**Q** 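Just dropping this structure here.
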Protein chains: 2
Amino acid sequence: MAHGRAPNAPSPRVREKRRRRRAEILHAALRAFRETGYHTTTLDDIAERLGVRKTALYHYFPDKESILYECHRESLGEIARMIEEAEACYECASDKLAYLIREHVRVMTETLEGSPLAFEVPALSPERRAEIVAARDGYERVLRDLVLQGTRDGEFRPVDPKVAVFAILGAINWIARWYQPEGAIDALELGSKFADYLVGGLKCEQPS
Amino acid sequence: MAHGRAPNAPSPRVREKRRRRRAEILHAALRAFRETGYHTTTLDDIAERLGVRKTALYHYFPDKESILYECHRESLGEIARMIEEAEACYECASDKLAYLIREHVRVMTETLEGSPLAFEVPALSPERRAEIVAARDGYERVLRDLVLQGTRDGEFRPVDPKVAVFAILGAINWIARWYQPEGAIDALELGSKFADYLVGGLKCEQPS
DNA sequence: TCAATTTTTTAACGGCCGTTCAAATCAGCC
DNA sequence: GGCTGATTTGAACGGCCGTTAAAAAATTGA
């Protein structure tokens with residue numbers, strides 16, 4: 001047994017190759033889902049983007065829904081990373097919130113990863129949907145807590161945290177519907193503008 | 001020919017009955033589309049809500065897409081009404097904008113009419129989609145012009161009107177995804193809070 | 001170079017769902 | 001009450017698309 005791996009186990013080389021191919025498929029699917037939605041994109045559509053027949057996809061994913069599920073998992077990973085970063089790098093609520101908005105916008109625009117998480121949750125099976133929704137709820141809770149903290153600290157005026165967070169997430173998620181990577185609006189600039197606007201709406205007016 | 005109507009023409013009575021039935025179907029479809037999305041709701045689903053077989057629907061609409069199209073038309077009618085009202089009843093940009101936000105939220109929650117307009121535009125045929133998109137673009141232009149006017153008048157700080165309007169519409173459209181008519185959040189209150197938050201983010205900070 | 005195995009293809013099935021059409025039932029009207 | 005048109009039904013078709021299975025092609029590793 002070469003290099004000590006189990007008999008009949010795939011070599012590291014083929015494992016890596018397979019991993020890359022999976023990522024390619026996921027990326028192609030991601031773009032297709034974003035452009036035409038999960039239900040209207042067929043496996044042929046995804047396969048065509050890769051120059052391959054649709055049956056080839058079944059060597060990497062058991063079914064169509066699993067492809068969508070993995071898209072969601074990747075997005076959630078990005079979100080989790082964002083949250084850790086915000087906690088580690090910023091102090092006050094408004095800075096943390098602004099950072100999260102900027103990063104979320106970046107995920108939505110640069111990598112385009114966020115779009116299925118925004119729009120295609122209902123397409124998942126009940127169990128998987130429950131898992132994704134639970135994670136998304138956790139993210140929403142983090143945002144609500146930030147709004148509350150800001151209000152307690154006197155940074156923000158007293159607003160309904162639930163409603164404010166729904167507004168923020170709606171604004172961000174909606175990006176997937178109109179943003180065009182090759183368009184006139186720069187992704188990073190968009191993130192900053194969104195952060196300015198959406199955090200600005202929470203801030204106390206300067207005492208005169 | 002009774003009452004002077006053309007021979008073989010339906011009587012006013014049956015015309016009215018048909019009109020009502022169409023509205024019933026549209027409303028049932030609207031709720032179904034909102035709850036599960038256009039592509040996953042079948043004609044059986046819509047018919048079941050009406051206690052009828054799906055083939056009965058074909059007496060009122062030529063195909064499934066036409067039902068969706070009529071939903072869009074109704075929403076656009078509401079939007080147009082909103083715009084006229086805002087122009088007629090309010091003076092400054094912030095008041096007009098706040099009114100439009102409140103009303104749009106009301107359309108989104110009370111009547112639930114706005115949800116297909118928010119989410120199911122891509123499901124329309126190219127020609128119909130073009131028509132609906134053009135109308136929606138007109139609405140967006142009205143909002144952008146309000147933001148610009150507010151900035152010119154010194155009410156609003158200088159923001160990117162395009163980006164601000166996308167944020168506002170995203171926040172509002174997203175309501176269709178989480179709002180539950182029987183839930184804890186009151187529709188009118190939600191409209192006011194959205195208007196406060198989204199217009200507040202545009203306003204100049206008070207000079208100290 | 002050649003066997004082993006990974007990857008892709010070809011062919012085809014099967015179910016769902018929008019749609020059609022003729023027949024049956026219902027409602028309006030004199 | 002009975003004729004006429006409006007409405008609903010039942011049965012069935014047909015295409016699209018996700019999925020399966022087995023054969024072919026390509027890649028790996030010695």
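Letters A, B, ... mirror the listed sequences (proteins, then strands); counts begin at 1. These numbers come from a predicted model, not from an experiment.
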**Q** If you check every side-chain atom of B:Arg53, which of D:dT19, D:dT9, C:dT8 has the closest atom?
**A** D:dT9

**Q** Run the ring pair (Phe, Tyr, Trp, His ring centres under 6.0 Å) test on B:Trp174 and B:Tyr179 for me, step by step, so that the C-alpha distance in whole Å, both residues' side-chain angles and the decisive distance to 0.1 Å come before the verdict.
**A** CA-CA 9 Å; B:Trp174 197 249; B:Tyr179 182 78; over 10 Å; no

**Q** For A:Asp63 and D:dT19, what is the distance between atoms CG and P respectively, to the nearest whole Å?
**A** 5 Å

**Q** Report yes if a side-chain nitrogen or oxygen of B:His59 is closer than 4.0 Å to either non-bridging phosphate oxygen (OP1 or OP2) of D:dT8; otherwise report no.
**A** no

**Q** Of the options C:dT19, D:dT19, D:dT8, whose atoms approach the side-chain atoms of A:Leu43 most closely?
**A** D:dT19

**Q** Assign B:Thr41 to base, sugar-phosphate, or nothing according to its heavy-atom contacts below 4.0 angstrom with the strands shown.
**A** sugar-phosphate

**Q** I'd like to know whether A:Tyr139 forms a ring pair (Phe, Tyr, Trp, His ring centres under 6.0 Å) with A:His104, so could you lay out the CA-CA distance, the side-chain angles of the two residues, the decisive distance to 0.1 Å, and finally the verdict.
**A** CA-CA 11 Å; A:Tyr139 177 46; A:His104 197 160; 5.4 Å; yes

**Q** Does B:Leu68 offer a backbone N or O that forms a donor-acceptor pair with the side chain of B:Glu120 under 3.5 Å?
**A** no

**Q** Do we see a donor-acceptor contact under 3.5 Å between the side chains of A:Ser66 and A:Arg128?
**A** yes

**Q** Categorize B:Lys17 for me: base, sugar-phosphate, or nothing, with a 4.0 angstrom heavy-atom threshold over every strand shown.
**A** sugar-phosphate

**Q** How is B:Thr55 classified with respect to the nucleic acid when contacts are heavy atoms under 4.0 Å: base, sugar-phosphate, or nothing?
**A** base

**Q** Are there more than 12 heavy atoms of other residues, nucleotides or ligands under 6.0 Å from atom CZ of A:Arg81?
**A** yes

**Q** In degrees rounded to 10°, what angle is found between the helical axes fit to the five outermost pairs at each end of the helix from C:dT1-D:dA30 to C:dC30-D:dG1?
**A** 30°

**Q** A:Arg18 has a side chain; which of C:dT7, C:dG18, D:dT9 sits nearest to it?
**A** C:dT7

**Q** So what does B:Tyr60 touch, heavy atoms closer than 4.0 Å: a base, only the sugar-phosphate, or nothing?
**A** sugar-phosphate

**Q** B:Arg21 side chain N/O closer than 4.0 Å to the phosphate oxygens (OP1, OP2) of D:dT8?
**A** yes

**Q** Would you mind reading off the distance between B:Lys64 atom NZ and C:dC17 atom P, rounded to a whole angstrom?
**A** 9 Å

